[in-house]
Amino acid sequence: MRITTKGQVTIPQNLREECGFLPHTEVRFKKMGNKVVIEKTSSRRSQIREWIEKARGSATSGYTTDEIMRMTRGED
């Protein structure tokens with residue numbers, strides 16, 4: 001595999017599929033010793049969306065939404 005005069009290289013299809021590198025995937029390069037590592041990154045909006053999805057359903061207070069609303073409003 002060679003780097004083009006424009007600094008481009010083709011990532012083999014099997015590696016793109018394994019790593020989830022789809023078209024328009026944002027990536028970053030990190031220098032680690034004498035090697036370069038490419039890793040998937042995402043926009044701030046995507047990061048927030050992923051965080052929300054991970055957090056969804058994780059609250060385990062045991063209260064209903066109505067009970068929580070009454071407590072936050074100071075109602076008895």
Side-chain angles (χ1 to χ4, degrees):
M1 185 172 306
R2 292 181 189 216
I3 299 175
T4 69
T5 57
K6 291 185 177 183
Q8 299 170 332
V9 65
T10 301
I11 303 169
Q13 183 176 355
N14 63 324
L15 291 176
R16 290 193 316 262
E17 291 173 353
E18 284 179 36
C19 296
F21 292 164
L22 304 174
H24 310 291
T25 298
E26 294 186 40
V27 296
R28 70 174 161 217
F29 295 88
K30 291 170 68 174
K31 185 174 184 242
M32 301 181 85
N34 64 345
K35 297 180 182 184
V36 175
V37 176
I38 182 173
E39 59 186 12
K40 192 163 45 167
T41 185
S42 53
S43 67
R44 184 74 174 143
R45 178 177 281 181
S46 296
Q47 290 172 343
I48 291 169
R49 202 174 303 127
E50 288 173 18
W51 180 81
I52 290 170
E53 284 303 314
K54 286 180 185 176
R56 188 181 305 277
S58 63
T60 58
S61 68
Y63 295 105
T64 67
T65 303
D66 290 333
E67 291 170 328
I68 292 170
M69 295 303 291
R70 280 196 294 277
M71 287 188 286
T72 59
R73 293 178 182 147
E75 300 172 5
D76 290 333

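Residues G20 and K40 come closest through the heavy atom pair O-NZ, 3.5 Å.
Residues L15, F21, V27, F29, V36, I38 make up the rest of the hydrophobic cluster containing I11, defined by ILVMFWY side-chain heavy atoms closer than 4.5 Å, directly or through other members.
Here CD of E53 is found 13.0 Å from CD1 of I48. Values are rounded to the nearest 0.5 Å. Summarising the geometry, atom CZ belonging to R70 is positioned 10.5 Å from atom OG1 belonging to T65; distances are rounded to the nearest 0.5 Å. Atom CZ of residue R16 and atom CG of residue N14 lie 8.5 Å apart, to the nearest 0.5 angstrom. Taken from OG1 in T72 to CD in E67, the straight-line distance is 12.0 Å, to the nearest 0.5 Å.
For residues 20-31, the pairs satisfying salt bridge (charged side-chain N to carboxylate O under 4.0 Å, His left out) are R28-E39, K30-E39, with sequence neighbours left out.
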